[in-house]
Amino acid sequence: MTRIKSWTDTPSKPRYAPPPGAVDAHCHVFGPQAEFPFSAAAKYLPEDAGPEMLFALRDRLGFTRNVIVQASCHGADNRATLNAIAKSDGKARGVAVVDPAISDEELAALHEGGIRAVRFNFLKRLVDDAPKDKFIEIAKRIAPLGWHVVVYFEADLLEELKPFLDAIPTTIVIDHMGRPDVSAGPDGPDMRAFRELLRSRPNISTKVSCAERLSRLGPPAYDDFIAAVRPLVEEFEDRVLWGTDWPHPNMQDAIPDDGALVDLIPRLAVTEALQRKLLIDNPMRLYWPEEVG
Ligand code: 0GY
């Protein structure tokens, strides 16, 4: 079967230089599948995009650390993510997907391997099932480890998910702002609803990432994304993170230039102080808390 490829081998070198210590807080690895086969339930089958490729990109883009998020194509088998973390020389940590039946010993082994969060994915095109009751059970199990929960959903689910989010006892990080329609601007219905959510729930942070998925105006400027998201970065400066989303699952028809994505950062976070929070302070607090004074 042909494997899909959704990333470029020739990303441009960004003009913007992230500050030393910057964290790419949302990226994935695929395989290598000869060692770490994809799940039988995978909804897409990509080419290998392993740790060496990820770390080469990290260096090219000027980042120091990665947070590797278990991709849906690997299901709840976190070995590819753990393998990448193990090869990172302490410069990567991870977000796992776990089965509700996971044992305490297995959770402890994930912690030892660098996992600091679990991900709950509600996208029907990516997963067969999103059992809220089981997710809440898992959240209660991981809370004592000091982990948090990462949630991925689309804007039309936000209202319905509020009771679920309120039942989670940890910090919550929402992937890509719950995929709002950014083309309607900062005061469009989705961005307003999302800002309201953050105003009313101080335990929620978000990744202000995925211009390449959310913008209708598109590259290289992604102006609609910038206009909609910059106010969020300014209002919630201590609760925003940023990531490349490399290797851009399912983006094979609109492969982004990672260098151009990095060049959006100073337009989203317009001062050095905001950039430091977005790229260092906020992700470090969640993923390397022992290094934060
Ligand atoms: C993302 C987005 C996607 C995929 C996954 O786990 C995944 O497969 O997260 C997507 O297709 O929107 O954040 O990586």
Side-chain angles (χ1 to χ4, degrees), residues 3-8 23-31 33 36-50 53-54 57-58 66-82 84-85 92 94-99 115 117-130 135 138 148-158 172-182 190 194 205-216 218 222 225 229 240-256 258 261 264 283 287:
R3 302 283 170 163
I4 59 171
K5 180 173 173 188
S6 47
W7 62 94
T8 175
V23 181
D24 172 354
H26 187 96
C27 52
H28 313 278
V29 288
F30 299 148
Q33 55 193 291
F36 309 113
F38 297 122
S39 153
K43 302 293 184 241
Y44 59 93
L45 295 174
E47 282 184 22
D48 285 343
M53 289 168 65
L54 175 64
L57 182 83
R58 173 198 69 200
N66 296 105
V67 178
I68 303 174
V69 178
Q70 170 78 356
S72 61
C73 56
H74 279 293
D77 175 355
N78 295 286
R79 285 178 302 153
T81 297
L82 291 168
I85 296 170
V95 178
V97 171
V98 305
D99 194 87
I115 298 297
V118 287
R119 190 187 203 201
F120 301 146
N121 189 336
F122 285 90
L123 266 67
K124 290 195 173 66
R125 67 179 166 78
L126 294 175
V127 289
D128 291 327
D129 201 16
F135 286 166
I138 292 170
H148 63 278
V149 162
V150 173
V151 185
Y152 191 22
F153 60 85
E154 289 174 323
D156 60 352
L157 266 195
L158 188 151
I172 298 170
V173 177
I174 296 180
D175 280 343
H176 321 325
M177 299 163 287
R179 299 189 59 121
D181 174 8
V182 296
D190 290 355
F194 194 70
S205 293
T206 192
K207 295 172 191 160
V208 290
S209 45
C210 274
E212 70 284 10
R213 292 182 197 274
L214 301 177
S215 168
R216 292 215 189 145
Y222 300 102
F225 181 88
V229 177
V240 285
L241 300 88
W242 189 89
T244 55
D245 197 27
W246 187 89
H248 310 292
N250 298 306
M251 291 292 284
Q252 58 274 20
D253 296 327
I255 295 176
D258 302 281
L261 296 179
L264 301 182
Y287 293 97

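When a ligand or atom number is given, it counts from 1 through the structure's own listing order. Since the model is a prediction, treat every value here as computed from it, not as a measurement.
Taking the ring-ring contact (aromatic ring centres under 6.0 Å, His included) definition, one finds that H28 meets it with H26, sequence neighbours left out. Residues passing the ring-ring contact (aromatic ring centres under 6.0 Å, His included) test with F153: none are found, sequence neighbours excluded.
Ionic pairing of R213 and D245 is present here: one or more N-O contacts between side-chain nitrogen and carboxylate oxygen are shorter than 4.0 angstrom.
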Side-chain polar contacts of residues 123-130 - donor-acceptor pairs under 3.5 angstrom, sequence neighbours left out - could you list them?
residue : atom : partner : partner atom : Å
D128    : OD1  : K43     : NZ           : 2.5
D128    : OD2  : K43     : NZ           : 3.3

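Near ligand 1, residues H26, H28, Y44, A71, S72, R119, R125, L126, Y152, H176, R179, R213, D245, P249, N250 each place a heavy atom inside the 4.0 Å sphere around the ligand atoms.
Aromatic pair H148/Y287: ring centres closer than 6.0 Å. The aromatic ring centroids of H74 and F36 lie 6.0 Å or more from each other.
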